[in-house]
Amino acid sequence: MRIIFMGTPDFAVESLKALLESGYNVVAVVTTPDKPAGRGQKIHQSPVKVFATQHNIPVLQPEKLRNPEFLEQLKSYNADIQVVVAFRMLPEVVWNMPPMGTINVHASLLPQYRGAAPINHAIINGEKESGVTTFKLQHEIDTGHILLSSKVAIADTDTAGILHDKLMVEGAKLLIRTLEGLKNNSITPTPQDQIDAGALKHAPKIFKEDCLIDWNNSSEKIYNLIRGLSPYPAAFTLMQGKVLKIYEATYELATHNDPIGSFKYDGKTYLKFATADGYLNLLSVQIEGKKRMKVDEFLRGYRFE
């Protein structure tokens, strides 16, 4: 089975690694073009490219997926199937090219949480479980026939970063099971509209305005927002005119008369904000212009106005 792998971030590397360790023939990798990043604007290679280069796998980095030169190059590898993990949307001329089509590993239990940010939204919404799904690509995003899925529990303290790593490992395992099933014809693809999943929840891309904390919400809702955006892009509030990112917190339910969104601190151990039904105790923060730090370290160095 000749495989072309398409992916970009660390999440995809785990699946590519699993393919090689399972003896699959990955004939080429498609990933994003190198681009400048960071303060020094040094040229940055995607994690998938770095891994592929280390393992002598040819790498394709098209600016545009409909580019005729790229399409000819892709075709020349005579792939039987393409595997997509955390990549961009593919045009039909790409996903329909191999005889066995293209399969995708998605970080949710489809049809729930279709979209760009399923991990974040699952935690923001307070879900108790998530999972990974493999499916065949077709026209509408994340709507193809489901091949296999696997559930993963979400702990009350899990952040998006923790769930990302759980699903990354589970997704790689599920990919291998899916390819084995396709090889021996033991998988019956299931149309997503045949799955009774109740009201569908979506996972659109997250923008900066989605990360601003509304202290009028319940403590639990704010807590879930913080978990769902940690470590990136991070929930934030304004404190004395400065952006304060919050990475870790706990909450306490309490009746109080403090103005919602106001904060209390002792200068040593605690910093907490008043919510609609209690307080949000900050544990790990980053004030603009400084590094991330534990709240006790932050309190020792920050001058409150």
Side-chain angles (χ1 to χ4, degrees), residues 1-37 42-107 116 132-139 141-142 144-145 147-148 164 167-185 187 189:
M1 189 186 286
R2 294 173 63 82
I3 297 172
I4 285 179
F5 184 89
M6 301 182 179
T8 298
D10 288 318
F11 190 92
V13 172
E14 191 72 19
S15 289
L16 179 55
K17 180 182 173 187
L19 288 173
L20 298 186
E21 289 178 348
S22 300
Y24 280 94
N25 181 22
V26 180
V27 295
V29 156
V30 182
T31 191
T32 51
D34 299 346
K35 57 185 177 182
K42 291 182 180 177
I43 297 299
H44 175 78
Q45 298 179 346
S46 76
V48 162
K49 179 181 179 180
V50 172
F51 183 86
T53 303
Q54 290 170 346
H55 291 82
N56 300 311
I57 304 170
V59 177
L60 309 181
Q61 296 177 276
E63 288 282 353
K64 295 180 179 177
L65 296 175
R66 297 179 191 272
N67 182 299
E69 191 178 324
F70 164 67
L71 294 174
E72 279 301 312
Q73 213 175 358
L74 196 64
K75 198 173 183 180
S76 72
Y77 283 102
N78 294 313
D80 297 300
I81 193 169
Q82 291 172 158
V83 172
V84 177
V85 184
F87 195 50
R88 55 214 244 209
M89 280 185 66
L90 303 182
E92 183 176 359
V93 67
V94 173
W95 58 255
N96 208 19
M97 188 180 289
M100 296 177 67
T102 300
I103 63 172
N104 185 283
V105 179
H106 185 72
V132 282
T133 305
T134 50
F135 68 97
K136 293 287 289 285
L137 253 64
Q138 61 182 44
H139 291 283
I141 189 166
D142 298 339
H145 290 7
L147 300 171
L148 293 176
H164 168 281
L167 297 180
M168 179 175 70
V169 172
E170 193 63 30
K173 293 177 185 175
L174 191 69
L175 172 60
I176 301 306
R177 280 174 48 206
T178 300
L179 289 173
E180 293 297 319
L182 291 174
K183 275 199 301 184
N184 59 35
N185 294 313
I187 294 177

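Positions are given from 1, in the same order as the sequence printed here. In this text the structure is predicted, and so the values were computed from the model without any measurement.
Partners of H44 by ring-ring contact (aromatic ring centres under 6.0 Å, His included), not counting sequence neighbours: none found. Listed by chain and number, the residues in a side chain to side chain contact (heavy atoms under 4.5 Å, CB included) with E92 are W95, N96, H139 (sequence neighbours excluded). Take H145 and apply the ring-ring contact (aromatic ring centres under 6.0 Å, His included) test, not counting sequence neighbours, and it matches no residue. Taking the side chain to side chain contact (heavy atoms under 4.5 Å, CB included) definition, one finds that A172 meets it with E14, S15, A18, sequence neighbours left out. For E170, the side-chain hydrogen bond (donor to acceptor under 3.5 Å, both in side chains) partners at least two apart in sequence or on another chain are S150. Looking at residues two or more places apart in sequence or on another chain, you find no side-chain hydrogen bond (donor to acceptor under 3.5 Å, both in side chains) involving T8. In this structure, P68 has no side chain to side chain contact (heavy atoms under 4.5 Å, CB included) partners at least two apart in sequence or on a different chain. Looking at residues two or more places apart in sequence or on another chain, you find no side-chain hydrogen bond (donor to acceptor under 3.5 Å, both in side chains) involving N56.
Of all heavy-atom pairs spanning P33 and P62, the tightest one is CG-O, 3.7 Å. Smallest separation of non-hydrogen atoms from V26 and V29: CG1-CG2, 4.3 Å. Of all heavy-atom pairs between A79 and P99, the closest is O-CD, 3.3 Å.
The environment of NZ in K183 is crowded: more than 12 heavy-atom neighbours from other residues, nucleotides or ligands sit within 6.0 Å.
The closest side-chain heavy-atom distance from I4 to L60 is not below 4.5 Å. Side chains of V105 and L174 form no contact here, defined as non-hydrogen atoms less than 4.5 Å apart.
With hydrogens and angles ignored, the 3.5 Å screen pairs a side-chain donor or acceptor of T134 with a backbone N or O of L148.
With rounding to the nearest 0.5 angstrom, the CG atom of L137 is 11.5 Å from the NE2 atom of H106. Considering CG of L182 and CE of M100, their distance stands at 5.0 Å, rounded to 0.5 Å. In this structure, CD in Q45 is found 7.0 Å from CD in Q61, a value given to the nearest 0.5 Å. In this structure, L19 CG and I3 CD1 are separated by 5.0 Å, a value rounded to the nearest 0.5 Å. If you take CG on L71 and NZ on K64, they are separated by 13.0 Å, rounding to the nearest 0.5 Å.
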**OP:** Mind running side chain to side chain contact (heavy atoms under 4.5 Å, CB included) on T178 and V83 for me, showing each step along the way?
**Re:** CA-CA 11 Å; T178 300; V83 172; over 6 Å; no
**OP:** Go through the steps for V94 and V30 under the test side chain to side chain contact (heavy atoms under 4.5 Å, CB included), then give the verdict.
**Re:** CA-CA 11 Å; V94 173; V30 182; over 6 Å; no
Original post:
Do L65 and M6 pass the side chain to side chain contact (heavy atoms under 4.5 Å, CB included) test, and can you show the C-alpha distance, the side-chain angles, and the key distance before you say yes or no?
Top reply: CA-CA 12 Å; L65 296 175; M6 301 182 179; over 6 Å; no
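Here ring-ring contact (aromatic ring centres under 6.0 Å, His included) pairs that include residues 50-72, with residues two or more places apart or in two chains, are F51-H55. Here salt bridge (Lys or Arg N to Asp or Glu O under 4.0 Å) pairs that include residues 23-34, with residues two or more places apart or in two chains, are D34-K49. Legend: side-chain hydrogen bond (donor to acceptor under 3.5 Å, both in side chains) pairs involving residues 20-31, not counting sequence neighbours, sorted by first then second residue: Y24-E180, T31-S46. Screening residues 65-91 for side-chain hydrogen bond (donor to acceptor under 3.5 Å, both in side chains), with sequence neighbours left out, gives Q82-T102.
Checking each of L147, I103, N104 against L175 for a side chain to side chain contact (heavy atoms under 4.5 Å, CB included) leaves exactly one that passes, namely I103.
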